[in-house]
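All values reported here derive from a predicted model rather than from experimental measurement. Naming convention: chains lettered A, B, ... in sequence-line order (proteins, then strands); numbering from 1 in each chain.
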Number of protein chains: 2
Amino acid sequence: MINVENNKQLQLDNQLCFPIYALARDIIAAYRPLLEAIDLTYPQYLALLVLWEKQEQSVSQLGEHLDLDSGTLTPLLKRLEQKGLVNRKRSLADERIVLISLTESGSLLRTKAANIPPTLLKSLSVSAEELENLQRIICKIRKNIHKI
Amino acid sequence: MINVENNKQLQLDNQLCFPIYALARDIIAAYRPLLEAIDLTYPQYLALLVLWEKQEQSVSQLGEHLDLDSGTLTPLLKRLEQKGLVNRKRSLADERIVLISLTESGSLLRTKAANIPPTLLKSLSVSAEELENLQRIICKIRKNIHKI
DNA sequence: ACAATTTGTATTGCGCACAATATAGTTGTG
DNA sequence: CACAACTATATTGTGCGCAATACAAATTGT
């Protein structure tokens with residue numbers, strides 16, 4: 001026999017966490033055609049966003065910004081290296097550290113990528129107020145969830 | 001030379017879409033320990049949520065609910081079959097259709113899963129008002145993004 | 001000085017996501 | 001009935017995401 005309360009909770013769950021999960025995939029899907037034009041995936045684009053802010057960083061610094069570990073970043077960065085967008089070289093001061101830096105080509109890609117955010121923002125069609133609200137709540141949830 | 005406007009946009013982008021992408025991963029990470037206790041991944045749990053609502057569905061019906069295609073669902077459902085949680089059998093009426101149904105074991109898992117949503121909701125620590133707001137904005141964005 | 005620990009990255013394995021393609025089954029039309 | 005168009009699922013290949021493990025380099029404690 002199924003408990004009605006359990007049923008309700010399992011539905012509610014579906015209405016809270018699933019939409020966030022689905023929205024994240026929707027956003028990546030919305031980026032896809034724009035990023036394909038410059039031969040990037042969304043995670044690769046995110047890594048470049050961080051590098052455009054600061055030209056040279058270690059793998060672990062990139063990982064802190066993106067909340068990704070070396071198991072994800074190492075192959076991703078090797079693919080960016082293959083495309084000639086970044087350099088990977090060991091630090092002379094500390095041989096354990098791999099420093100990632102932008103190549104000229106990687107730096108120049110920033111100009112081509114500049115039109116992507118406004119294009120995407122427009123397609124989301126949310127007011128500035130709603131957007132701010134969304135950012136605030138998401139930020140709060142992420143802080144709380146990290147305390148677990 | 002870097003255009004200041006481009007710079008701003010690329011940062012703003014980072015502050016809008018990245019948090020949603022990161023939050024989705026945070027949520028899956030928060031579920032992980034709870035779901036490991038019943039040997040499920042988050043996508044597998046979502047598939048079961050849908051099946052708990054309606055015992056028997058085709059692969060494509062499941063896909064519509066979850067916004068996932070057969071390339072993702074077929075192997076996922078085969079893993080659930082291996083665990084003895086679902087049955088996969090071709091429809092007699094239309095041999096192209098594969099019907100997924102819950103086994104007794106899969107049905108019973110619902111009771112064990114019932115405590116997961118309230119546990120998780122508590123850890124998010126958002127007010128009912130904020131939660132409603134979040135759902136409304138996400139729903140709106142998803143609708144808009146699907147129009148593209 | 002040197003053993004124990006810590007740190008930073010790499011590797012492996014598994015499970016999604018998703019595009020592209022394949023294949024089998026079904027339906028509509030002449 | 002033939003057969004083209006369509007539908008539902010399966011397969012393949014690529015790229016994450018993350019846990020577990022490995023390993024070398026650096027740091028720490030004594």
Side-chain angles (χ1 to χ4, degrees), chain A residues 18 21-33 35-36 39-48 56-83 85-100, chain B residues 18 20-33 35-36 39-48 57-83 85-100:
Chain A
F18 172 70
Y21 158 77
L23 176 59
R25 286 188 290 124
D26 286 341
I27 286 177
I28 293 174
Y31 271 101
R32 194 166 294 119
L35 289 174
E36 265 172 5
D39 189 30
L40 288 178
T41 65
Y42 185 66
Q44 287 167 12
Y45 166 72
L46 289 179
L48 288 179
E56 180 168 85
Q57 305 193 36
S58 69
V59 173
S60 57
Q61 281 176 314
L62 265 171
E64 271 173 48
H65 283 297
L66 299 170
D67 281 328
L68 292 171
D69 72 359
S70 68
T72 302
L73 284 178
T74 297
L76 184 154
L77 292 169
K78 283 183 176 175
R79 281 186 284 272
L80 289 181
E81 187 185 33
Q82 288 250 320
K83 293 179 189 177
L85 300 176
V86 306
N87 299 122
R88 300 170 65 251
K89 65 167 194 287
R90 298 245 163 220
S91 161
L92 295 177
D94 185 338
E95 294 269 344
R96 296 169 304 176
I97 295 173
V98 172
L99 291 170
I100 309 298
Chain B
F18 172 70
I20 294 169
Y21 159 77
L23 175 60
R25 286 188 290 124
D26 285 342
I27 286 177
I28 293 174
Y31 270 102
R32 194 166 295 121
L35 290 175
E36 266 173 5
D39 190 31
L40 289 178
T41 65
Y42 184 65
Q44 288 168 11
Y45 166 71
L46 289 179
L48 288 180
Q57 304 193 38
S58 69
V59 172
S60 56
Q61 282 176 314
L62 266 171
E64 272 173 47
H65 284 295
L66 300 171
D67 282 327
L68 292 172
D69 72 358
S70 68
T72 302
L73 283 178
T74 296
L76 184 153
L77 293 168
K78 284 183 177 175
R79 280 185 284 272
L80 289 181
E81 188 186 32
Q82 287 249 321
K83 294 178 190 180
L85 300 176
V86 306
N87 299 123
R88 300 171 66 251
K89 65 167 193 286
R90 298 249 162 218
S91 161
L92 295 175
D94 186 338
E95 295 269 344
R96 296 169 303 176
I97 296 173
V98 172
L99 292 170
I100 309 298

Return the value, rounded to whole Å, for the distance between atom [atom1] of [X] and atom [atom2] of [N].
X        : N      : atom1 : atom2 : value
A:Glu81  : D:dG15 : CD    : P     : 15 Å
B:Ile100 : D:dA8  : CD1   : C1'   : 12 Å
A:Asp69  : C:dT7  : CG    : P     : 16 Å
B:Lys89  : D:dT9  : NZ    : C1'   : 16 Å
A:Leu62  : C:dG8  : CG    : C1'   : 13 Å
B:Leu92  : C:dT26 : CG    : C1'   : 16 Å
B:Glu36  : D:dC18 : CD    : P     : 13 Å
A:Leu80  : D:dG15 : CG    : P     : 11 Å

**Request:** Assign B:Ile28 to base, sugar-phosphate, or nothing according to its heavy-atom contacts below 4.0 angstrom with the strands shown.
**Result:** nothing

Indicate whether OP1 or OP2 belonging to [N] is found under 4.0 Å from a side-chain N or O atom of [X].
X       : N      : answer
A:Tyr21 : C:dA17 : yes
A:Gln44 : D:dG15 : no
A:Arg79 : D:dT14 : no

**Fill in**
Taken to the nearest 0.5 Å, the spacing of B:Leu68 CG from B:Ser60 OG works out to 12.5 Å

**Message:** Both B:Leu68 and B:Asp94 contact DNA chain C. Which one's nearest nucleotide lies toward the 5' end?
**Reply:** B:Leu68

**Asked** Salt-bridged, A:Lys89 to A:Glu56, with N to O below 4.0 Å?
**Response** yes

**Request:** Would you mind checking if B:Glu95 and B:Arg90 are paired as a salt bridge, meaning a charged N to carboxylate O distance below 4.0 Å?
**Result:** no

Would a distance-only check, ignoring hydrogens and angles, find a side-chain to backbone donor-acceptor pair under 3.5 Å from [X] to [Y]?
X       : Y       : value
A:Asp69 : A:Thr72 : yes
A:Lys78 : A:Arg88 : no
B:Gln44 : B:Thr41 : yes

**Prompt:** Considering only heavy atoms from C-beta outward, does the side chain of B:Leu85 approach that of B:Leu40 to under 4.5 Å?
**Reply:** yes

**Request:** Could you check A:Lys83 against B:Asp26 and say which one's nearest nucleotide on DNA chain D is further toward the 5' end?
**Result:** A:Lys83

**Nearest-nucleotide comparison on DNA chain D, the residue closer to the 5′ end among A:Leu76 and B:Arg32** = A:Leu76

Just the table, please: protein N/O against nucleotides 9-11 of chain C N/O, every pair under 3.5 Å.
from: C:dT9; atom 1: OP1; to: A:Val59; atom 2: N; distance (Å): 3.3
from: C:dT9; atom 1: OP1; to: A:Val98; atom 2: N; distance (Å): 3.0
from: C:dT9; atom 1: OP1; to: A:Val98; atom 2: O; distance (Å): 3.4
from: C:dT9; atom 1: OP2; to: A:Ser60; atom 2: N; distance (Å): 2.8
from: C:dT9; atom 1: OP2; to: A:Ser60; atom 2: OG; distance (Å): 2.8
from: C:dA10; atom 1: OP1; to: A:Arg88; atom 2: NH2; distance (Å): 2.4
from: C:dA10; atom 1: OP2; to: A:Thr74; atom 2: OG1; distance (Å): 2.7
from: C:dA10; atom 1: N7; to: A:Ser70; atom 2: OG; distance (Å): 2.9
from: C:dT11; atom 1: OP2; to: A:Lys78; atom 2: NZ; distance (Å): 2.8

